[in-house]
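Chain identifiers are assigned alphabetically (A, B, ...) following the order of the sequence lines, protein sequences preceding nucleic acid strands; residue numbering begins at 1 within each chain.
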Amino acid sequence: MPELPEVETVRRDVSLRYAGHTLVDIAVTGRRTVRRHPPTELARLTGQRLVGVGRHGKYLLFEWEDGRVLVVHLRMSGQLLAAAAGDPRALHTHGVLVFDGVGELRFVDPRTFGELFLATPGSGTGPDAGLPALAELGHLGPDALVVDAAHLQAALARRRAPLKVVLVDQRALAGLGNIYADEVCFEAGLRPDRAAGSLTPEEVGRLAGSVRTVLEAAIAGRGSSLRDLQYRDLYGKPGRYQLDHKVYGRPGLACPGCGQPVQRVRMGARSAFVCARCQR
DNA sequence: ACAAATACCTGTAAGC
DNA sequence: TGCTTACAGGTATTTG
């Protein structure tokens, strides 16, 4: 499932390959792929040069020379794949962007949760890192890669919800999902089912450091691909950070820290993986 | 006001 | 073996 490290890996590769090139055609065939406005509006991007690719949380921002922004969210099973014009089209290919000189960028998404839309610029306050302010992303908290302890403290304070629930809440912090929330909690030595507001300032500081550490390591590993290989990079290759998961998806296996079996704990409809000895 | 449940999907795996 | 069912999960929306 693409979370921040996977989206960031795709962002870097897409930017390297397509930035500076001009869109010569865009075709969206998926019925659900563009659902916030008429899909035909995307045609107005043709002729525009892609000036850069940004990211806020799990959202990719394709920035064009006229200031317009095409937002892409991969959700559960979306992939962006580089392809040449003649390459056979993978099943569930819902969109194709054709660039001058560098071939196609294809959007493939079996579960069809992913989406593309043209954002509305200029409204609300933007995220820090030089990204455009977009009305549709105004609800997002700060990007998890640049969050600091002070913000985390404020986001967690007085909240009775479990720590993990707050960590995956994109309004509090943008970018963490199921995998990295569990891994971050383990790295910080904190149980995901602790009440968020019960963390001491020292624990919040540890948590902030762990968010950064885990995400940077995961990006270095080009993200996590699970058994279903739903996450693949721009060139169709899986990530390798799943090999470094300490607790996620490892129930009954030895905790790398102490050797005790990792437990699966139910948290509402979802579950979390935790080491009862290493996490308090 | 916030919190929990649900809808949206398909592929895979487990269960019978 | 072949069928049915459960599960995976991010976000918007609905319900509590």
For this session: State whether A:Y248 places a side-chain N or O below 4.0 Å from either non-bridging phosphate oxygen (OP1 or OP2) of C:dG9.
Result: yes

Problem set entry | Salt bridge A:R55-A:D143, side-chain N to carboxylate O under 4.0 Å | yes

For this session: List in chain and number order the residues that pass side-chain hydrogen bond (donor to acceptor under 3.5 Å, both in side chains) with A:D193, two or more places apart in sequence or in another chain; answer none if no residue qualifies.
Result: A:R191

Exercise. Counting any heavy atom closer than 4.0 Å, what does A:R32 reach on the DNA or RNA strands: base, sugar-phosphate only, or nothing?
Worked result: sugar-phosphate

Exercise. Just how large is the angle between the end axes of the helix from B:dC2-C:dG16 to B:dC16-C:dG2, five pairs per end, to 10 degrees?
Worked result: 60°

For this session: For A:L176 and C:dG9, give me the distance from atom CG to atom P, rounded to whole Å.
Result: 14 Å

Problem set entry | Pairs touching residues 35-54 of chain A that satisfy salt bridge (charged side-chain N to carboxylate O under 4.0 Å, His left out), sequence neighbours left out | A:R36-A:E115

For this session: Using atom CZ of A:R111 as one end and atom P of C:dA8 as the other, report the distance to the nearest whole Å.
Result: 11 Å

Exercise. Roughly how many Å is it from NZ in A:K58 to P in C:dG9, rounded to a whole number?
Worked result: 11 Å

Exercise. Below 4.0 angstrom, N of the basic side chain to O of the carboxylate: do A:D233 and A:R12 qualify?
Worked result: no

Exercise. Roughly how many Å is it from OH in A:Y231 to C1' in C:dG9, rounded to a whole number?
Worked result: 17 Å

For this session: Check which hydrophobic residues are tied to A:V108 through side-chain heavy-atom contacts below 4.5 Å, counting indirect links as well, and list them.
Result: A:L81

For this session: Could you list all the ring-ring contact (aromatic ring centres under 6.0 Å, His included) pairs where at least one residue sits in residues 4-26 of chain A, not counting sequence neighbours?
Result: A:Y18-A:F99

Exercise. Atom CZ of A:R266 to atom C1' of C:dC7: distance rounded to whole Å?
Worked result: 9 Å

Quick test: give all pairs of protein nitrogen or oxygen and nucleotides 12-16 of chain C nitrogen or oxygen below 3.5 Å, distance rounded to 0.1 Å.
| unit_1 | atom_1 | unit_2 | atom_2 | d |
| --- | --- | --- | --- | --- |
| C:dA12 | OP1 | A:Y59 | OH | 3.3 |

Exercise. When all nucleic acid strands are considered with a 4.0 Å heavy-atom cut-off, which category describes A:R171: base, sugar-phosphate, or nothing?
Worked result: nothing

Exercise. Taking only residues at least two apart or on different chains, which pairs with a member in residues 89-100 of chain A satisfy side chain to side chain donor-acceptor pair (under 3.5 Å)?
Worked result: none

Exercise. Apart from A:V98 itself, which Ile, Leu, Val, Met, Phe, Trp or Tyr residues share its cluster (side-chain heavy atoms under 4.5 Å, direct or through members)?
Worked result: A:V24, A:V96

Exercise. Which salt bridge (charged side-chain N to carboxylate O under 4.0 Å, His left out) pairs, counting each pair once, include a residue from residues 196-208 of chain A, with sequence neighbours left out?
Worked result: A:R194-A:E203, A:E202-A:R206

Seminar exercise, completed: Ordered by number, residues from residues 148-156 of chain A within less than 4.0 Å of DNA chain B (heavy atoms) are none

Exercise. Expressed in angstrom and rounded to an integer, what is the separation of A:D169 atom CG from C:dG10 atom P?
Worked result: 12 Å

Seminar exercise, completed: In the 5' to 3' direction, the nucleotides of DNA chain B bounding the stretch that comes under 4.0 Å of a heavy atom in chain A are B:dA3 to B:dG11

Exercise. Can you check whether A:L176 reaches A:L215 side chain to side chain, under 4.5 Å on heavy atoms?
Worked result: yes

Problem set entry | Whole angstrom value for the distance that separates C1' of C:dG10 from OH of A:Y180 | 15 Å

Please list, one pair per line, the donor and acceptor atoms closer than 3.5 Å that link side chains of residues 150-163 of chain A to other protein atoms, with sequence neighbours excluded.
| unit_1 | atom_1 | unit_2 | atom_2 | d |
| --- | --- | --- | --- | --- |
| A:H151 | NE2 | A:A172 | O | 2.9 |

Exercise. Which value, rounded to the nearest 0.5 Å, describes the distance between A:L50 atom CG and A:S15 atom OG?
Worked result: 7.0 Å

Exercise. Over how many whole Å does the gap from A:F273 atom CZ to C:dA8 atom P extend?
Worked result: 8 Å

For this session: Return the orientation label for the A:W64 and A:F62 ring planes: parallel under 30°, perpendicular over 60°, tilted otherwise.
Result: parallel

Exercise. Looking at side-chain heavy atoms only, is the closest gap between A:Y180 and A:P5 below 4.5 Å?
Worked result: yes

